[in-house]
Amino acid sequence: MLHLHNTLTRTKEPFETLKDGHVGLYVCGITVYDVCHVGHGRVMIVYDVLFRHLQSMGLAVNYVRNITDVDDKIIKRAAENNVSPEALSQRFIDEMHADERALNVLPPTHEPRATQTIKGMVNMITRLIDSEHAYAADNGDVFYSVSSFAEYGKLSGRKLDELRSGERVAIDEHKRDPMDFVLWKSAKPGEPSWESPWGQGRPGWHIECSAMSMELLGEEFDIHGGGMDLEFPHHENEIAQSEALTGGRFARYWMHNGLVRIKDEKMSKSLNNFLTIKEVLKDYTGEEVRTFILGSHYRSPLNYMSESLDSARAVLRRFYTALRDYAIDTESDSAPLSQVYVDRFTAAMNDDLNTPEALAVMHELAGALNKSTDSLAGQELANTLRHLGRHLGILEQDADTILKAAGKGVSSESQLSNEAIDALIEERQRARANKDFKRSDEIRDQLVELGIVLEDTGGITTWRRN
RNA sequence: GGCUGAGUGGCAGAGUGGCCAUGCACCGGAUUGCAAAUCCGUUUACCUCGGUUCGACUCCGGGCUCAGCCUCCA
């Protein structure tokens with residue numbers, strides 16, 4: 001039985017779907033005004049693993065992750081680059097998809113864009129005004145009235161009067177209450193805008209998620225996820241809008257992943273301390289990044305350190321080394337698996353997606369595989385390791401290829417071709433046969449200099465790149 | 001100031017009221033011509049002060065420190 005930590009209750013709760021066999025999952029995606037950084041990568045990977053896990057439970061998952069393609073920063077950035085906002089956002093959507101492919105992230109079922117859901121938002125705002133949860137100011141802005149929603153603050157545990165006293169933003173004169181937030185912004189000349197009952201304008205940020213989730217998942221759905229920094233005010237506001245409108249519940253389970261940090265500080269655009277996914281991919285493979293992210297629990301903060309990425313590399317090297325002598329069983333869906341490990345792995349995943357524990361199970365499995373002397377039992381363990389890896393979106397590559405692949409971040413001109421390496425190994429074998437260990441060791445040392453490690457096992461010499 | 005959450009061995013990182021996390025690193029051993037990989041073994045821990053308990057790193061309370069949010073942010 002899957003348990004998920006629900007931010008609404010601050011406890012782990014048994015996960016029960018609203019509709020038998022189906023899950024509606026909504027995740028707040030990215031505002032496409034720049035390339036993605038590692039923090040975005042964590043969101044992609046964490047909810048991708050949730051997606052995979054729910055599917056593995058036999059559930060039909062409708063996974064919706066939105067794209068915010070209209071916003072102040074997009075407009076500003078587009079103007080700076082002398083391109084249209086549409087062209088700018090399309091460019092970064094393409095970049096984002098490339099990052100996801102590199103990280104082996106499955107495409108969500110739907111990726112709605114804010115600009116394609118304007119009608120739904122206008123409709124929703126109209127109904128909010130009709131029911132007096134929102135009001136139009138004389139400048140064309142429309143605001144949500146937080147005091148009209150008695151449960152405001154239930155997600156983040158805040159109370160309106162506490163928030164007001166801590167208010168540190170200049171109060172917008174058009175607002176009736178400083179905590180009211182904008183649903184619709186009147187457009188300035190030259191900005192992208194849409195017609196509305198309140199004049200030309202564009203949507204505020206929060207309303208888009210309510211509109212898109214409602215359109216694709218219905219008024220009430222199972223899981224809503226996103227980064228912890230979205231808990232307040234964004235998700236709080238989503239609840240206020242949606243539940244005021246429907247009178248019922250919005251999302252049943254709220255999940256928030258921890259933030260990626262650098263030197264104990266949040267990685268973010270505004271602090272300018274971020275590393276883009278593309279930068280990291282220069283030095284590490286997508287699989288290594290994935291393993292690094294899954295090495296800590298999704299709700300914990302995660303410090304970005306090259307040592308941790310190196311550690312992820314070592315983890316994969318250990319797994320692939322164990323798998324090296326076993327073919328990938330292409331019919332692994334039907335191949336027998338070692339149930340003990342599958343059960344322990346599943347139990348870890350069912351405990352609020354405890355991926356570090358799941359990886360620990362895989363390490364013990366790899367140890368058993370290394371110890372196995374029986375090839376049939378070994379194949380079963382290898383199949384199991386592959387199977388569990390796939391569950392996490394890793395260990396899908398050919399082991400020998402991975403181990404021989406040139407390490408990322410190593411300059412290519414210092415690389416020896418595989419043929420040249422094989423030739424040197426042959427020469428070394430002849431030397432060893434003649435007990436010319438001096439020459440034999442020379443060759444090995446020479447290869448070590450180039451990052452190539454030889455392994456003499458069972459009379460056969462294999463090699464890998466370090 | 002308010003609201004969340006966190007503090008585990010050299011590093012990373014799970015977890016539990018009394019017994020092994022796991023990986024990397026280190027040390028010893030097996031194996032090897034020497035290595036590598038692998039296996040076996042050892043060592044190192046639970047921020048602090050109180051309380052509950054036969055017994056707490058684990059539960060409760062105070063304190064300290066750190067992070068996130070309260071402005072855009074995944």
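Note on naming: letters A, B, ... go to the chains in the order of the sequence lines (proteins, then strands), and numbering restarts at 1 for each one. Bear in mind that the values here come from a model prediction, so they are computed numbers and not experimental data.
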Task: Side-chain donor/acceptor contact of D456(A) with base of C34(B) under 3.5 Å - done: yes
Open item on the list: Tell me if the side-chain of D441(A) makes a donor-acceptor pair with the base of G33(B), cut-off 3.5 Å, by modelled atom types.
Closed with: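 Pair found.
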TODO: Please work out whether the ring planes of H235(A) and H224(A) are parallel, tilted or perpendicular, with thresholds of 30° and 60°.
DONE: perpendicular
Report which part of the nucleic acid [X] touches: base, sugar-phosphate, or nothing (heavy-atom distance under 4.0 Å, all strands).
X       : answer
G153(A) : nothing
G41(A)  : nothing
L259(A) : base
R324(A) : nothing
G39(A)  : base
F232(A) : sugar-phosphate
T457(A) : base
R158(A) : base

Open item on the list: What residues from residues 341-353 of chain A pass a heavy-atom cutoff of under 4.0 Å to RNA chain B?
Closed with: none
Open item on the list: Give the residues of residues 297-311 of chain A touching RNA chain B, defined as any heavy atom closer than 4.0 Å, sorted by residue number.
Closed with: H297(A), S300(A), M305(A)
We want to know whether [X] and [Y] form a side-chain donor-acceptor pair, criterion being a heavy-atom distance below 3.5 angstrom.
X       : Y       : result
E111(A) : H97(A)  : yes
N104(A) : E287(A) : no
D71(A)  : T31(A)  : no
Q429(A) : T461(A) : yes
S210(A) : E238(A) : no

Open item on the list: Please enumerate all residues that pass side chain to side chain contact (heavy atoms under 4.5 Å, CB included) together with R344(A), with sequence neighbours excluded.
Closed with: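 For R344(A), the residues satisfying side chain to side chain contact (heavy atoms under 4.5 Å, CB included) (neighbours in sequence not counted) are Y341(A), V361(A), E364(A).
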Open item on the list: Tell me which nucleotide, if any, is Watson-Crick or G-U wobble paired with A56(B) when both distances must be under 3.5 Å.
Closed with: none
Nearest-angstrom distance from the residue atom [atom1] of [X] to [atom2] of [N]:
X       : N      : atom1 : atom2 : answer
R318(A) : A36(B) : CZ    : C1'   : 15 Å
L271(A) : A74(B) : CG    : C1'   : 14 Å
L447(A) : C34(B) : CG    : C1'   : 15 Å
N434(A) : G33(B) : CG    : C1'   : 14 Å
L155(A) : C70(B) : CG    : P     : 14 Å
E357(A) : G23(B) : CD    : P     : 12 Å
L403(A) : A36(B) : CG    : P     : 17 Å
I460(A) : A37(B) : CD1   : P     : 19 Å

- [ ] Check L88(A) against I74(A) and note the closest heavy-atom contact, atom names and distance.
- [x]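 That closest heavy-atom pairing would be CD2-O, 3.7 Å.
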Task: Residue pairs passing the ring-ring contact (aromatic ring centres under 6.0 Å, His included) test where at least one lies in residues 345-379 of chain A, sequence neighbours excluded - done: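 Pairs touching residues 345-379 of chain A that pass the test: F319(A)-H363(A), F345(A)-H391(A).
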Between protein and nucleotides 40-43 of chain B, what N or O pairs are separated by less than 3.5 Å?
residue: C40(B); atom: OP1; partner: K371(A); partner atom: NZ; Å: 2.8

TODO: Show the numbers, then the answer: is there a side chain to side chain contact (heavy atoms under 4.5 Å, CB included) between H256(A) and W254(A)?
DONE: CA-CA 7 Å; H256(A) 290 97; W254(A) 284 87; 4.2 Å; yes
For [N] and [X] - does any side-chain N or O of the residue sit under 4.0 Å from the phosphate oxygens OP1/OP2?
X       : N      : answer
N354(A) : A14(B) : no
R444(A) : A36(B) : no
R10(A)  : U4(B)  : no
K269(A) : A74(B) : no
H40(A)  : A74(B) : yes

Task: Step-by-step side chain to side chain contact (heavy atoms under 4.5 Å, CB included) determination, H40(A) to D99(A) - done: CA-CA 10 Å; H40(A) 300 116; D99(A) 289 340; over 6 Å; no
Considering only [options], which nucleotide approaches the side chain of [X] most closely?
X       : options                : value
S270(A) : A74(B), A14(B), C72(B) : C72(B)
A360(A) : U22(B), C70(B), U4(B)  : U22(B)
S296(A) : G13(B), C3(B), A21(B)  : G13(B)
V260(A) : G33(B), C69(B), A74(B) : A74(B)
R464(A) : C69(B), U22(B), A37(B) : A37(B)

Task: By side-chain hydrogen bond (donor to acceptor under 3.5 Å, both in side chains) - contacts of H5(A) (at least two apart) - done: none
- [ ] Tell me whether the guanidinium CZ or amine NZ of R65(A) lies under 6.0 angstrom from the six-membered ring centre of Y26(A) and within 45° of its axis.
- [x]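 Cation-pi check for R65(A) and Y26(A): fails.
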Task: Y33(A) six-ring centre to K269(A) NZ/CZ under 6.0 Å and within 45° of normal - done: yes
